[in-house]
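Naming convention: chains lettered A, B, ... in sequence-line order (proteins, then strands); numbering from 1 in each chain.
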Amino acid sequence: GAGVSQTPSNKVTEKGKYVELRCDPISGHTALYWYRQSLGQGPEFLIYFQGTGAADDSGLPNDRFFAVRPEGSVSTLKIQRTERGDSAVYLCASSGADKPETQYFGPGTRLLVL
Amino acid sequence: QKEVEQDPGPLSVPEGAIVSLNCTYSNSAFQYFMWYRQYSRKGPELLMYTYSSGNKEDGRFTAQVDKSSKYISLFIRDSQPSDSATYLCAPVKAAGNKLTFGGGTRVLVKP
């Protein structure tokens with residue numbers, strides 16, 4: 001079956017603008033995770049959903065970042081008033097109830113804030 | 001200090017050599033120890049994971065955990081140019097919880 005998909009693959013925006021990044025998890029996966037990876041670094045956790053609810057949002061850096069998963073499948077990460085420091089690769093992962101320890105990652109969305 | 005530390009490399013080895021990768025961690029609450037491989041401009045992919053102290057083998061890969069010293073290792077035998085990638089260790093407190101990644105070690109296997 002299809003893996004985790006993310007759109008867009010690349011996004012260039014200007015400082016101060018609003019952006020939305022979309023993640024389509026593997027069908028049937030109940031858990032969905034967002035991570036952010038800066039150049040030369042490992043991914044850093046942002047938020048994870050179990051079903052429709054955010055089970056852990058401790059990694060969101062500030063209130064400009066928000067994520068939703070209204071129907072327990074697709075998720076959208078929303079960034080308001082973007083700053084140059086938000087430039088990074090935003091990775092999404094999902095895992096199923098049968099193997100919760102195994103997170104499958106998408107290819108990421110490369111965000112560049114000018 | 002970061003919870004998970006990895007030498008960033010790059011680690012350059014000739015084809016066929018054994019690649020040895022290491023991580024240290026500080027949080028004794030970590031229970032699962034994952035190794036991910038990441039090719040340039042791709043998402044990480046899970047290689048293998050261990051739950052307890054000791055060794056776990058999967059083909060050319062061996063993962064080793066020493067919880068007493070909070071030390072994690074990954075060995076790649078008979079390395080191939082296709083193994084050239086960044087390797088990320090990622091311990092986790094419980095199945096399904098967030099991963100805490102190290103910074104990754106870049107490996108280059110030269111033909």
Indicate, with yes or no, if [Y] and [X] share a hydrophobic cluster defined by side-chain heavy-atom contacts under 4.5 Å among Ile, Leu, Val, Met, Phe, Trp and Tyr.
X	Y	value
B:L99	B:I72	no
B:F33	B:V19	yes
A:L46	A:V19	yes
A:F45	B:V92	yes

Cross-chain donor-acceptor list, chain A and chain B, 3.5 Å limit, no angles:
unit_1	atom_1	unit_2	atom_2	d
A:Y33	OH	B:G96	O	2.6
A:Y35	OH	B:L99	N	3.0
A:Q37	OE1	B:Q38	NE2	2.9
A:Q37	NE2	B:Q38	OE1	3.0
A:Q41	OE1	B:K2	NZ	3.3
A:S58	OG	B:K98	NZ	3.4
A:P100	O	B:G96	N	3.2
A:E101	OE2	B:Y49	OH	2.6
A:Q103	O	B:Y36	OH	3.1
A:Q103	NE2	B:N97	O	3.1
A:R110	NH2	B:R41	O	3.4

Is it true that, when you exclude [X] itself, more than 12 heavy atoms of the residues, nucleotides or ligands shown sit nearer than 6.0 Å to its [atom1]?
X	atom1	value
A:L39	CG	no
B:F75	CZ	yes
A:L112	CG	yes

Query - Side chain / backbone / both / neither for B:L88 at chain A, heavy atoms under 4.5 Å - result: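 The answer is the side chain of B:L88.
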
Heavy-atom pair with the smallest gap, counting every atom of A:L91 and B:P44 =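 Nearest pair, atom of A:L91 first, then B:P44: CD1-CD, 4.0 Å.
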
